[in-house]
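Taking it in order: structure first as structure tokens, then the write-up.
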Amino acid sequence: MNPADLSASVLAIVTSVLERRGSTGTLTVDDIPLERPRNRDHGDWASNIAMRLAKGLGVNPRELAEEFAAGLREADGVSDVEVAGPGFINIRLDAAAAGALAKIIVDKGAEYGRGSLYEGVTINLEFVSANPTGPIHIGGVRWAAVGDSLARIFQAEGGIVTREYYFNDHGAQIDRFARSLLASYLGEPTPEDGYGGEYISDIAARVVADYPGDLADIPTREEAQEVFRSVGVELMFGDIKKSLHDFGVDFDVYFHENELHETKAVDRALARLSELGAIYEKDGATWFESTKYGDDRDRVVIRSDGEAAYISGDLAYYLNKRERGFERNLIMLGADHHGYVRRLMAMTSAFGDTPEYNLEILIGQLVNLVRDGEPMRMSKRAGTVVVLEDLVEAVGVDAARYALVRSSSDSQVDIDLDLLQKKTNDNPVFYVQYAHARTRSVARNAAAAGVDRSAFDASLLTHETESILLGILAEFPRVVLQAAELREPHRVARYAEELAGAYHRWYDNCRVTPLGEEPVTDVHRTRLWLNDAAGQVLRNALGLLGVSAPERM
RNA sequence: GCGCCCGUAGCUCAGCGGAUAGAGCAAUUGACUACGGAUCAAUAGGCCGGGGGUUCAAAUCCCUCCGGGCGCACCA
């Protein structure tokens, strides 16, 4: 008996009661709310369906609930039903019906928890996309962790996901980067508005080493700068790829903005807008009339100096993604870019697509760097830039990813490296990982003691901690579904913590291997199934977060 | 001025209309000659920022005020 079966039973009963009352509306499983009550006294599952329907029918909710309850008491696997409070229906399952789940989970293995929300849907998830003018700093790391986890969650729901990194290799920032490299090479001071970090001199030195000839032979400063630009960007890009890879994040596509300009995709995008009548000229510039599509002001697409404005690249990039066949396109941006959302939605409408469906912008709040409880500004000059490698070095990949993915992207997070270095055990990731390691350890001990999974009798799983553990295991598929729908990977992390806690408490109360000379019974064998089911779900949940599930710690 | 996000236990945060608001850390007290004590049990700790409204039911939805963060370019 899993929640879906129970929902179906409840639906059947509700429908028959409604028919008897002459009600005409039709209900689906989605209309049957079923939750696991916080309080154990309220049963394994509870529904407020009677309260929802009572008003429309003009009856007392408790009375209606009693009618539903009477039918439910006859349902398979239900041991007890009671009506409580204003009209809640509290359902208790019999042990066998609840416990059957343990075997189902073990049999499904890594498949348990997967769903079909995005079955066959092509999804492009763009994240990080930091400019190749420096290493990934701590702001970008959050999106690496959250974005990769979200991609895994979409995949678990059947989505055909492409992880994409938009590589901004066109425009003024790259020029500044190239000038900075050249200046470093020539021993000049960092140019105004240039980049001055230590990595600049490192990259400059590597450009010199990589260059096949002698840089001193290059006749003009412009040509030398171009060498530093092209080689330097490649080097920087390689570094970024490597540090992301070491963080467990690999992109399927690294898209170069330059390509959009070189292939005239930008021109084609603007021509398309022009055909749609959404382009006009004013003050020597070319404008996109985005206010027609909900933006709060129109946007320049070609500046009066003839250069394409930044948004032009985005217009072309969006069309490119659509041409590549992506139904859903998501872009994760930091809160400092939220002002960009409306114009991108206007663009989506202008092209005849559906905002929030074909294109969705996920805004995440920023990461604050904190030292001794005091917020610090990240400054390349002051040497207070914290990069991905610093974070990983301080706490390791698992703890870093978990810490970043554990809280909602709607809240800002503080990162205090000193604190993380001192007290890594504060990170709940160890609690969860330990629970998993413990399931493996129990399995090893069971094997040594001659306990195997040759028998399974769910009716033996009668301890209170077993019924709680089973209830939590049953919820995993909906947690994944909800995390996907809401684009909130942190729900999976919180769930993993809850599961880990329930597992530890079960472990404390219910032994899998017999004590001393006690014989091995079916109780032990059945508990081994439950142990392995818990381990499987912990493994699946950690997998969605990109965090390892160790055999031992 | 306009827009987005946040305000919940000492700290970090969960809680997409449900019952007595939860977890981790920190504090106090207990539990191994029992499958790993990176664990468990217990105690303590809350005008859910303030005020109004909608609802059978509000931390959750709406309005408003206060406080904090971030944006409002022919920059990218």
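Order of the sequence lines fixes the chain letters, A, B, ..., with proteins taken first and strands second; residue numbering starts at 1 for each chain. All of these numbers come straight from a predicted model, not from anything done at the bench.
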In whole angstrom, give the distance that lies between atom [atom1] of [X] and atom [atom2] of [N].
| X | N | atom1 | atom2 | answer |
| --- | --- | --- | --- | --- |
| A:Arg511 | B:C32 | CZ | C1' | 12 Å |
| A:Asp336 | B:A76 | CG | C1' | 12 Å |
| A:His338 | B:C4 | NE2 | C1' | 4 Å |
| A:Asp410 | B:G69 | CG | C1' | 13 Å |

Is the closest basic N to carboxylate O distance between [X] and [Y] below 4.0 Å?
| X | Y | result |
| --- | --- | --- |
| A:Arg525 | A:Asp522 | yes |
| A:Arg36 | A:Asp44 | no |
| A:Glu164 | A:Lys321 | no |

It should be established whether [X] places a side-chain nitrogen or oxygen under 4.0 Å from OP1 or OP2 of nucleotide [N].
| X | N | answer |
| --- | --- | --- |
| A:Tyr434 | B:G24 | no |
| A:Tyr507 | B:G37 | yes |
| A:Arg552 | B:A38 | no |
| A:Arg343 | B:C72 | no |
| A:Arg297 | B:C74 | yes |
| A:Ser407 | B:C13 | no |
| A:His42 | B:G18 | no |
| A:Arg440 | B:G36 | no |

Indicate, with a heavy-atom threshold strictly under 4.0 Å, whether [X] touches base, sugar-phosphate, or nothing.
| X | result |
| --- | --- |
| A:Ser408 | sugar-phosphate |
| A:Ala335 | sugar-phosphate |
| A:Gln173 | sugar-phosphate |
| A:Asn39 | base |
| A:Ile363 | nothing |

Quiz question: going by heavy-atom distance under 3.5 Å, is there a donor-acceptor pair between the base of [N] and the side chain of [X]?
| X | N | result |
| --- | --- | --- |
| A:Asn427 | B:A38 | no |
| A:Asn48 | B:G18 | yes |
| A:Ser411 | B:C6 | no |

From the list [options], which nucleotide is the closest neighbour of the side chain of [X]?
| X | options | result |
| --- | --- | --- |
| A:Tyr431 | B:C74, B:A19, B:C40 | B:C40 |
| A:Asp283 | B:A34, B:U39, B:C74 | B:C74 |
| A:Asp41 | B:U20, B:G17, B:G68 | B:U20 |
| A:His337 | B:A76, B:G36, B:U39 | B:A76 |

Exercise for the section: Nearest-nucleotide wise, let me know which of A:Arg505 and A:Ala172 is further upstream toward the 5' end of RNA chain B. Expected result: A:Arg505

Practice task
Evaluate the criterion salt bridge (charged side-chain N to carboxylate O under 4.0 Å, His left out) for residue pair A:Arg179 and A:Asp175; output intermediate values, then yes/no.
Solution key: CA-CA 6 Å; A:Arg179 279 202 301 278; A:Asp175 292 342; 5.3 Å; no

Completion exercise
Under a 3.5 Å limit on both distances, the Watson-Crick or wobble mate of B:A26 is none

Problem - Any-strand Watson-Crick or G-U partner of B:G17, both distances under 3.5 Å - result: none

Exercise for the section: Could you check whether the rings of A:Phe237 and A:Tyr165 sit parallel, tilted or perpendicular, using 30° and 60° as the cut-offs? Expected result: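 A:Phe237 vs A:Tyr165 ring planes: perpendicular.
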
Exercise for the section: Flag this pair as yes if the NZ/CZ of A:Lys282 is under 6.0 angstrom from the six-membered ring centre of A:Tyr280 and inside a 45 degree cone about the axis; otherwise no. Expected result: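 Judged by the rule (NZ or CZ under 6.0 Å from the ring centre, within 45° of its axis), A:Lys282 is not positioned above A:Tyr280.
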
Exercise for the section: Verify whether the ring centers belonging to A:Tyr503 and A:His436 lie closer than 6.0 Å. Expected result: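 For A:Tyr503 and A:His436, the ring centres are not under 6.0 Å apart.
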
Practice task
Determine if A:Phe88 stacks with B:G18; use a centre-to-centre distance below 5.5 Å and an interplanar angle below 30° as the criteria.
Solution key: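 No, aromatic ring not over the base.
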
